[in-house]
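The figures that follow rest on heavy atoms only: side chains count, while hydrogens, waters and symmetry mates do not. Labels below follow one simple rule: chain letters A, B, ... track the order of the sequence lines, proteins then strands, and each chain is numbered from 1.
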Number of protein chains: 2
Amino acid sequence: MQECKDCPIRHRAVCARCEGDELAQLEQIKYYRSFEAGQTVVWAGDKMDFVASVVTGIATLSQTMEDGRRQMVGLLLPSDFAGRPGRETSAYDVTAATDLVMCCFRKKPFENLMLNTPHIGQRLLEMTLDELDAAREWMLLLGRKTAREKIASLICIIARRDASLQLNAADGELRFDLPLTREAMSEYLGLTLETVSRQVSALRKEGLIRTEGKRQIVIPDFDALLEETGDDSDGGFLI
Amino acid sequence: MQECKDCPIRHRAVCARCEGDELAQLEQIKYYRSFEAGQTVVWAGDKMDFVASVVTGIATLSQTMEDGRRQMVGLLLPSDFAGRPGRETSAYDVTAATDLVMCCFRKKPFENLMLNTPHIGQRLLEMTLDELDAAREWMLLLGRKTAREKIASLICIIARRDASLQLNAADGELRFDLPLTREAMSEYLGLTLETVSRQVSALRKEGLIRTEGKRQIVIPDFDALLEETGDDSDGGFLI
DNA sequence: CATATGGATTGATCTACATCAAGGTGAATG
DNA sequence: CATTCACCTTGATGTAGATCAATCCATATG
C-alpha cells in the first residue's frame, strides 16, 4: 500500500494539506480498490460507505431513466473526488471507464476527521464549488451547443485535463489518449453514438484532429479546435 | 432593516444556526438590496464583492455564448444562496426574474467569519452539495428529456419548491404562480420559447394543467403530471 | 380612447440529430 | 488461422424541435 505522500490525490484532493497526526489518521481509514474497464463501482441507490479519490484511470457518474436513457453527470479523472459526506447511498451509477484505481476512505471515520480538521472541510468546499462550476459549463454544452461544438468541446476538455497532469510534446501538436468509447462520449454529450462517430469523422476529414489507432487523438492546432467549441476564446475550464 | 432572526434565509441559508456573537457579526456585514423584475444584479465577469441569500422573489444565473445563445444554470428561490467565497468576479449573469430582495453579506468579512465559525463552512458545503445534485438532475433534463418532459419537470419543480415554502390548498389541487416568462423557461430548459408555449398549450389541452390569467398555474392531479416528467415515480428533487 | 408595447400563441416550413440497418476493423480466443 | 466479439463507421430515412412569420392579448401611455 502506498504512502499518502506518494499518492496522486495529493495534487488536488482532500489530504493535500494534511500532515503529521492527520496524515496518520487518514492512513488508517484509507484503502485502495481496483476496477477493470467497464466494471461498476456502485449502482445508483446502493449503499456507499466510503468516499474516494481517483488515483489512476477514469470513472464516470451517470443517471439512468426508467426507459434506459442515460446521461453522464460526472467525469472523474485522477485526483478527482467521489462521494458525498453525510449521505448513505450513491445518487449515481459510478462506473470505471478505463482500468481504475481509487483511494477510498471509510465514510464514518472520514466524517469524524472532517469535524476535527477544518481544512479538510474547506478543501472539500473548494472542490465542490469547482465541480459545480464544471457542471454549469456542462449544462451550457447540453442545452445550447450543436453536436459539432459538443465534440470539439469534449476533446478540448480531455486534452486540457490530460495536459495539466503530464506535459505533452509541445511542438505545437497535442497528442493524447481518448479514454472514452463512442458510447461513453455520447452519454457525456447527450447525443447518440452514431452522431458522435459522424462528427469525429467530420473533424478528422477537415484536419482539425487526427486519429492514430482507435483511441489516440492528435490535435495539430489546439486554438483552431477551440474555435469550434463555441466558447469564448479565452474561456475558462470544464470539468 | 430586518433582524436576521426574522429573515427568511434562516430557513436554509448560512445564518440558520448562528447565535449570539456570530449573529451580531453577521448583522454588521449584512445589508439588503432590491431589484425590479428584469434588472441585472451582476454581469458575468463583473466584480462581485458580496455573497447573498434570496429573501423574496426569484433570481436566475445564466451563461451566454458569443452569438447570444443563453442557458440558465441556476434558479434561486427564497433562501437560496448566491456567490462563491474565494472568487472576485461573478461567473454568471445574475438576473432578477421577478421583483427581488436579497440579503447580502460583504465578501471579505464573510470569509473571515467563515474561518472562525466552522458551522458556516459546513452549512455552505451542504448547500453546495445540494446545488451540485440539482445541477446534475438538470443535466439529465437537458441532455435526455423531450420537450414535453422538460416542461412537465419544470412545472413540478416550481410547484414542489413553492409548496415547501407555503402550504397550498391541499384539496387535491395545487395552485401557484409561475414566476418565469416563456423566454426564461426556454432558457432554463434549453428550448425555444415557441416550443415552450406549444408544450404548455398541449398540457393544458390534455387537462394536465390549467392556466388562470397569464402566470397562475393549477395542477389538478400532481401525480398525473409527474408521470409526464420521465422521472422515477418516487424521484427526488430538483433545484 | 386610440395606440403602443411586451409577452404569448399558433401556423408553415426547415433541419439537425435520432433511428434503423448494414458493414467494417482489430484485438482476443480456441 | 479462422472466428468471435466489442467497438466503430457509414448510409438511408424519419421526426422533434428550430426557425420564420403572423396574430393575439393585456397592460401601460399619451
Side-chain angles (χ1 to χ4, degrees), chain A residues 36-39 65 67-71 95-99 141-152 154-155 177-206 209-217 228 230, chain B residues 36-39 65 67-71 95-99 141-155 177-205 209-217 228 230:
Chain A
E36 289 176 17
Q39 262 192 297
M65 296 172 68
D67 61 3
R69 281 176 280 175
R70 274 172 74 84
Q71 176 63 51
T95 311
T98 64
D99 290 347
L141 176 146
L142 289 171
R144 295 302 184 190
K145 288 190 179 180
T146 65
R148 180 187 176 87
E149 288 168 339
K150 286 178 176 183
I151 298 287
L154 177 54
I155 294 176
D177 243 37
L178 218 189
L180 301 177
T181 65
R182 297 288 180 259
E183 183 172 31
M185 290 174 72
S186 77
E187 285 177 10
Y188 185 111
L189 300 169
L191 298 170
T192 59
L193 67 132
E194 292 95 329
T195 298
V196 170
S197 184
R198 273 185 252 273
Q199 295 294 339
V200 170
S201 297
L203 291 180
R204 177 163 19 82
K205 275 166 198 154
E206 296 171 35
I209 59 172
R210 296 203 312 277
T211 54
E212 310 200 336
K214 208 104 232 182
R215 292 290 180 78
Q216 186 119 175
I217 296 261
E228 303 299 322
Chain B
E36 289 174 19
Q39 261 192 296
M65 296 171 69
D67 62 3
R69 281 176 281 175
R70 274 171 73 83
Q71 176 64 50
T95 312
T98 63
D99 290 346
L141 176 146
L142 289 171
R144 295 301 184 191
K145 288 191 178 179
T146 65
R148 180 188 176 87
E149 288 169 339
K150 287 178 175 183
I151 299 287
S153 298
L154 176 55
I155 294 176
D177 243 36
L178 219 190
L180 302 177
T181 64
R182 296 289 181 259
E183 184 172 29
M185 291 174 70
S186 76
E187 285 176 9
Y188 185 110
L189 300 170
L191 298 170
T192 59
L193 71 148
E194 293 96 328
T195 299
V196 170
S197 184
R198 274 184 251 273
Q199 295 294 340
V200 169
S201 297
L203 291 180
R204 176 161 22 79
K205 276 167 197 153
I209 59 172
R210 296 202 312 276
T211 54
E212 310 199 336
K214 209 103 232 183
R215 292 291 180 79
Q216 186 117 175
I217 296 261
E228 304 298 323

Requested in this report: Using the side chain to side chain donor-acceptor pair (under 3.5 Å) rule, take A/T211 and A/R204 through it: C-alpha gap first, then chi angles, then the decisive distance, then the call.
Outcome: CA-CA 7 Å; A/T211 54; A/R204 177 163 19 82; 3.2 Å; yes

[N] [atom2] sits how many Å from [X] [atom1], rounded?
X: B/L193; N: C/dT10; atom1: CG; atom2: P; value: 13 Å
X: B/M185; N: D/dG17; atom1: CE; atom2: P; value: 15 Å
X: B/E149; N: D/dA16; atom1: CD; atom2: P; value: 12 Å
X: A/L178; N: D/dC7; atom1: CG; atom2: P; value: 15 Å
X: A/E183; N: D/dT9; atom1: CD; atom2: C1'; value: 15 Å
X: A/Q199; N: C/dT15; atom1: CD; atom2: C1'; value: 13 Å
X: A/E194; N: D/dC7; atom1: CD; atom2: C1'; value: 12 Å
X: B/R215; N: C/dA8; atom1: CZ; atom2: C1'; value: 10 Å

**Report entry** Test item: A/S201 side-chain N/O and A/S197 main-chain N/O as donor-acceptor pair under 3.5 Å
**Finding:** yes

Query raised in the report: Does any N or O in the side chain of B/R69 come within less than 3.5 Å of the main-chain N or O of A/R144, such that one atom is a donor and the other an acceptor?
Result: yes

Query raised in the report: For C/dT9, does either OP1 or OP2 sit under 4.0 Å from a side-chain N or O belonging to B/S197?
Result: yes

Query - OP1 or OP2 of C/dT10 under 4.0 Å from side-chain N/O of B/S201 - result: yes

Base, sugar-phosphate, or nothing: which does [X] touch, judged by heavy atoms less than 4.0 Å apart?
X: A/T181; value: sugar-phosphate
X: A/R69; value: nothing
X: A/G38; value: nothing
X: A/T192; value: base

Query raised in the report: Looking only at heavy atoms, which two atoms of B/A97 and B/A37 are closest? And how far apart?
Result: O-CB, 3.9 Å

Query raised in the report: Is any side-chain N or O of B/R198 under 3.5 Å from a base N or O of D/dT19, one able to act as donor and the other as acceptor?
Result: yes

Report task. Measure from the side chain of B/R204, starting at C-beta and using heavy atoms only, and say which of C/dT9, D/dC8, D/dA18 lies closest. Result -> C/dT9

Query raised in the report: Taking the side chain of B/T146 as its heavy atoms from C-beta onward, which of C/dA8, D/dG17, D/dC8 lies nearest to it?
Result: D/dG17

Query raised in the report: Any side-chain heavy-atom pair from A/L191 and A/Q199 closer than 4.5 angstrom?
Result: no

